[in-house]
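Data block below; observations after.
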Amino acid sequence: MIKDSVFVKTKAYLNLFPSLSTDLREKIEKHHLRFGGISRMTKIPLYLEWVGLPTDEFTVKSYCEKFSELVLDAVINSTWIDGVQEVLDSKAMDQIYVLVTGTPQDEIEVILKELKLIEKFDYIFGSPAEKSKAIESVLLERSFPRYECLMIGDSQTDYEAAKIVGIDFLLRTDNDDSFGKSFNGRKIKDFKEFI
């Protein structure tokens, strides 16, 4: 949610399967957009099954590697979410910044190093870490009162993780995604209001 990368990830999933029917392309696109924040290790086996390809460990790993090749530079070069750089730079009142993502751990570290942001985060959890368990571990380690914590996320998965651990949630959405349209809680389009 630092970069506006939903479109490039959608494109990468579709490019994994270049000969798809229109119906299958739409099915994969809708699923990915509906379940943003879920690891590719969960999505790719499902998409392989939908297109009639094997879902054995070797095939899944091969497609995950292809996906990584397609998205790494695209994510790094995608557009910044307005205001996010300023928020990360300000780190007001000794806030603790925790990044929890469905992107694999090694890949998110590469991305953050390229963007010169790795030092901005006190904790970084990538896949295969489960979001709610990662957040819970930080809350317990730091003994944070849950009412002082806020999770800002861009997917239903993020919302569910916040709900499980009992912290407030703020949805970053452009209202074009299905979850953003149906979500009735607090929403922002960008981070400009925090500056």
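Between the side chains of Y123 and E141, a donor-acceptor pair is found at a separation under 3.5 Å.
S127 contributes atom OG, which lies 9.5 Å from atom CG of D106 (distance to the nearest 0.5 angstrom). Atom CE of M151 is separated from atom NZ of K163 by 14.0 Å, given to the nearest 0.5 angstrom. The distance from atom OG of S68 to atom CG of D73, rounded to the nearest 0.5 Å, is 9.5 Å. Atom CZ in R142 sits 11.0 Å away from atom SG in C149 (nearest 0.5 Å). The OG atom of S5 sits 13.5 Å away from atom NZ of K11, with the distance rounded to the nearest 0.5 Å. For the atom pair CD1 (I28) and NZ (K43), the distance works out to 11.0 Å, reported to the nearest 0.5 Å.
Around atom CZ of F7, no more than 12 heavy atoms belonging to other residues, nucleotides or ligands sit under 6.0 Å away. Around the CD atom of E57, the shell of radius 6.0 Å holds no more than 12 heavy atoms that belong to other residues, nucleotides or ligands. No more than 12 heavy atoms of other residues, nucleotides or ligands shown are found within 6.0 angstrom of NZ on K61. Counting heavy-atom neighbours within 6.0 Å of F67 CZ, excluding the residue itself, gives a total above 12.
One finds no salt bridge joining R172 and D82 here, because no Lys/Arg side-chain nitrogen approaches an Asp/Glu carboxylate oxygen to under 4.0 Å. With salt bridges taken as basic N to acidic carboxylate O contacts below 4.0 Å, one links E136 and R146. Salt-bridge check for R40 with E65: failed, with every basic side-chain N at 4.0 Å or more from each acidic carboxylate O.
Contact check for V87 versus Y97: side-chain heavy atoms found under the 4.5 Å cut-off. Contact check for S90 versus Q85: no side-chain heavy atoms found under the 4.5 Å cut-off. I108 is listed as a side-chain neighbour of L99, based on a closest heavy-atom distance under 4.5 Å. Looking at heavy atoms from C-beta onward, F125 lies out of side-chain contact with T101 at the 4.5 angstrom threshold. By the 4.5 Å heavy-atom criterion applied to side chains, D122 and V98 are not counted as neighbours.
Note: F169 and F183 have perpendicular aromatic rings, judged against thresholds of 30 and 60 degrees for the angle between ring planes.
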Original post:
Checking side-chain hydrogen bond (donor to acceptor under 3.5 Å, both in side chains) for the pair K9/H32: CA distance, chi angles, key distance, verdict?
Top reply: CA-CA 9 Å; K9 289 179 181 175; H32 166 63; over 6 Å; no
Original post:
Is there a side-chain contact (heavy atoms from CB on, under 4.5 Å) between V71 and E107 once you walk through the steps?
Top reply: CA-CA 10 Å; V71 297; E107 191 173 306; 3.6 Å; yes
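The two residues A134 and V100 have their closest heavy-atom pair at CB-CG1, 4.4 Å. Across all non-hydrogen atoms, the minimal contact from L88 to K120 is O-CD, 3.7 Å. Summarising the geometry of D158 relative to G153, their closest heavy-atom pair is OD2-CA, 3.3 Å, with the distance given to 0.1 Å. Summarising the geometry of N77 relative to K3, their closest heavy-atom pair is C-NZ, 4.2 Å, with the distance given to 0.1 Å.
With sequence neighbours excluded, the residues satisfying ring-ring contact (aromatic ring centres under 6.0 Å, His included) with W50 are H31, Y47.
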